[in-house]
Amino acid sequence: MAINWRERTTWVRIGWVATALWMIYVWEESKFDPAHPLYNYIFLVPLAGWAVALIAERILRGKRPKPPPD
């Protein structure tokens, strides 16, 4: 089974796994303590990662052509 690196679903799955790993890391590092400074970034880092990925995809693939009018 070969991984197709050009498919969008591959990158979405990688994003989900990275998000889950980050959240597990923060939970383990902070010992589930919301007062821990790292806990402030539990949602910000994945959100920023997804935003960067979307912007990078748009730049790398170029703007999608508009559909012709009906």
Listing, residues 39-49 side-chain donor-acceptor contacts under 3.5 Å, not counting sequence neighbours, or none:
none

| task | Would you please name every residue forming a side chain to side chain donor-acceptor pair (under 3.5 Å) with Thr19, sequence neighbours left out? | result | Trp50
| task | Give the minimum heavy-atom separation between Ile3 and Thr10, together with the two atoms involved. | result | CG2-CG2, 3.7 Å
| query | Which ILVMFWY residues are connected to Val17, directly or by a chain of links, through side-chain heavy atoms under 4.5 Å apart? | reply | Leu21
| task | Treat each ILVMFWY residue as a node, draw an edge where side-chain heavy atoms are under 4.5 Å apart, and state whether Trp11 and Val52 are in one component. | result | no
| message | Please list all pairs meeting side-chain hydrogen bond (donor to acceptor under 3.5 Å, both in side chains) that have one or both residues in residues 20-37, counting only residues at least two apart or in different chains. | response | none
